There are 2 protein chains.
Amino acid sequence: MANEMLDDAVRSLRESGVRMTPQRHAILEYLTTGHTHPTADEIYRALEHRFPNMSVATVYNNLRVFREKGIVEEMNYGDASSRFDFVTTRHYHMICEGCGKIVDFNYPVLDDVETVAAHLTGFKVDRHRLEVYGTCPDCQSKVQ
Amino acid sequence: MANEMLDDAVRSLRESGVRMTPQRHAILEYLTTGHTHPTADEIYRALEHRFPNMSVATVYNNLRVFREKGIVEEMNYGDASSRFDFVTTRHYHMICEGCGKIVDFNYPVLDDVETVAAHLTGFKVDRHRLEVYGTCPDCQSKVQ
DNA sequence: TTATTAGATTGTAATCTTTATAATTAGTCT
DNA sequence: AGACTAATTATAAAGATTACAATCTAATAA
């Protein structure tokens with residue numbers, strides 16, 4: 001079972017002159033294998049047994065590179081640390097205010113907002129970000 | 001020229017049992033007089049000449065109170081510190097990726113997104129947040 | 001295959017933002 | 001005015017992220 005997302009990312013990075021190191025590859029692998037929305041520290045702790053000498057700075061450096069190349073999206077929500085999401089298909093985020101859980105959901109891309117916003121502000125629009133906040137089913141049942 | 005927004009905020013806070021101190025009043029005043037989207041530190045520095053003994057903690061404490069009461073909105077965007085926005089009418093934010101400038105723009109509230117998201121995820125929806133990123137006119141002319 | 005070189009990693013310290021804590025001060029209510 | 005309780009202050013601490021210099025290594029080509 002090949003990991004196409006991983007392969008694509010590696011290829012795309014190589015093509016733009018980014019070297020592939022074992023640590024870098026492992027971070028990409030982690031992001032593309034079901035681990036959604038981790039923090040930098042979560043990635044670091046998940047990989048430190050494979051790379052006992054890896055520095056936290058390496059995780060941050062790579063996440064910055066990936067962000068700059070459009071491979072991952074960085075999210076700051078609330079007061080916690082940043083979370084990083086491998087960019088695949090366009091989706092938005094539903095965030096639980098109780099436990100911080102993040103769930104993806106699909107919705108038609110809001111192109112009209114970008115058009116209107118560009119017209120009103122004079123900005124050259126690049127992208128937008130939408131997050132919906134609420135209470136997840138687990139936290140709903142806990143409160144009752 | 002009275003500041004209605006300020007008066008409303010003070011009244012609403014008083015009614016919910018929040019005491020009005022000179023520092024607290026000054027922070028509200030700052031937020032309602034044309035200073036949009038400041039950081040906690042910007043507020044602190046703007047007021048320290050009037051309140052030489054004021055602590056940074058006071059600014060943070062008050063911003064938390066205001067946020068809990070729905071008087072201000074806290075925004076974390078990018079890697080910088082939180083910015084705080086006095087809540088008036090519903091609006092969204094356009095953010096410049098070049099210089100960090102934030103401009104408000106109005107757009108019909110995206111109720112439908114909340115409904116769909118609630119249906120897809122099972123969350124109980126509370127609110128949403130939308131930000132558009134791009135390049136402001138100033139930065140556009142600089143780049144050329 | 002080896003040498004080269006620019007980029008990547010490491011380890012650590014430093015920075016920056018935000019929160020915690022305890023003591024003091026000061027609004028608000030009666 | 002007095003009492004009660006919240007707010008402020010000052011400081012320390014925590015936590016996340018970045019800076020930096022030294023070392024290492026992936027990619028390239030001889």
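Because the structure is predicted, anything quoted here is derived from the model rather than measured. All chains are named by letter (A, B, ...) in the order of the sequence lines, taking the proteins before the strands, and each is independently numbered beginning at 1.
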Quiz item: In degrees, rounded to 10°, what is the bend between the two ends of the helix from C:dT1-D:dA30 to C:dT30-D:dA1, using five pairs at each?
Solution: 40°
Quiz item: What is the distance, rounded to the nearest whole Å, between atom CD1 of A:Ile43 and atom P of D:dA16?
Solution: 13 Å
Quiz item: Pick from B:Arg129, B:His128, B:Glu131: which one makes a side chain to side chain donor-acceptor pair (under 3.5 Å) with B:Tyr92?
Solution: B:His128
Quiz item: Given side chains that start at C-beta, do those of A:Ser81 and A:Asp41 come closer than 4.5 Å, heavy atoms only?
Solution: no
Practice problem: Let me know the distance between CZ of A:Arg64 and P of D:dA16, rounded to the nearest Å. | Solution: 18 Å
Quiz item: Within the pair A:Ser82 and D:dT17, is there a side-chain N or O less than 4.0 Å away from OP1 or OP2?
Solution: yes
Exercise. Whole angstrom is fine here: how far is it from CD in B:Glu68 over to P in D:dA6?
Key: 14 Å
Quiz item: Is it true that B:Phe86 and B:Met94 fall in one hydrophobic cluster, defined by side-chain heavy atoms closer than 4.5 Å?
Solution: no
Quiz item: In terms of ring plane angle, is the pair A:His35 and A:Tyr30 parallel, tilted or perpendicular, where the classes change at 30° and 60°?
Solution: parallel
Scan nucleotides 8-11 of chain D against the protein and return all N/O pairs shorter than 3.5 Å with their distances rounded to 0.1 Å.
from	atom 1	to	atom 2	distance (Å)
D:dT8	OP1	B:Thr21	OG1	2.4
D:dT8	OP2	B:Asn62	ND2	3.4
D:dT8	O3'	B:Gln23	NE2	3.0
D:dT9	OP1	B:Gln23	NE2	3.0
D:dT9	OP2	B:Ser55	N	3.1
D:dT9	OP2	B:Thr58	OG1	2.6
D:dT9	O5'	B:Asn53	O	3.1
D:dA10	OP2	B:Asn53	O	2.8
D:dA10	N7	B:Ser55	OG	3.2

Quiz item: Hey, does the side chain of B:Tyr60 come within less than 4.0 Å of C:dT19's phosphate (OP1/OP2), counting only N and O?
Solution: no
Exercise. Whole angstrom is fine here: how far is it from CZ in A:Phe84 over to C1' in D:dA16?
Key: 10 Å
Self-check item: Atom-pair distance (NE2 on A:His25; P on D:dA26), nearest Å
Solution: 13 Å
Quiz item: Any Lys/Arg nitrogen of B:Lys69 or B:Glu15 sitting under 4.0 Å from an Asp/Glu carboxylate oxygen of the other?
Solution: no
Quiz item: Base, sugar-phosphate alone, or nothing: which one does B:Arg14 contact when heavy atoms must sit under 4.0 Å apart?
Solution: sugar-phosphate
Self-check item: For atom CZ of B:Phe66 and atom P of D:dA6, their distance in whole Å
Solution: 17 Å
Quiz item: Under a single-linkage definition using a 4.5 Å side-chain heavy-atom cutoff for Ile, Leu, Val, Met, Phe, Trp and Tyr, are B:Val116 and A:Ile95 assigned to the same hydrophobic cluster?
Solution: no
Quiz item: Roughly, in whole Å, what's the span from CD in A:Glu42 to P in D:dT17?
Solution: 11 Å
Quiz item: Separation of A:Tyr44 atom OH from D:dG15 atom P, in whole Å?
Solution: 16 Å
Quiz item: Should B:Leu110 and B:Phe123 be regarded as members of a common hydrophobic cluster, given that ILVMFWY residues are connected when their side-chain heavy atoms come within less than 4.5 Å of each other, either directly or indirectly?
Solution: yes
Practice problem: Evaluate the side-chain proximity of B:Val113 to A:Phe105: yes if any heavy-atom separation is below 4.5 Å, no if none is. | Solution: yes
Self-check item: Phosphate OP1/OP2 of C:dC29: any B:Arg19 side-chain N/O under 4.0 Å
Solution: no
Exercise. Report the residue from A:Thr58, A:Val59, A:Ile27 that forms a side chain to side chain contact (heavy atoms under 4.5 Å, CB included) with A:Leu47.
Key: A:Ile27
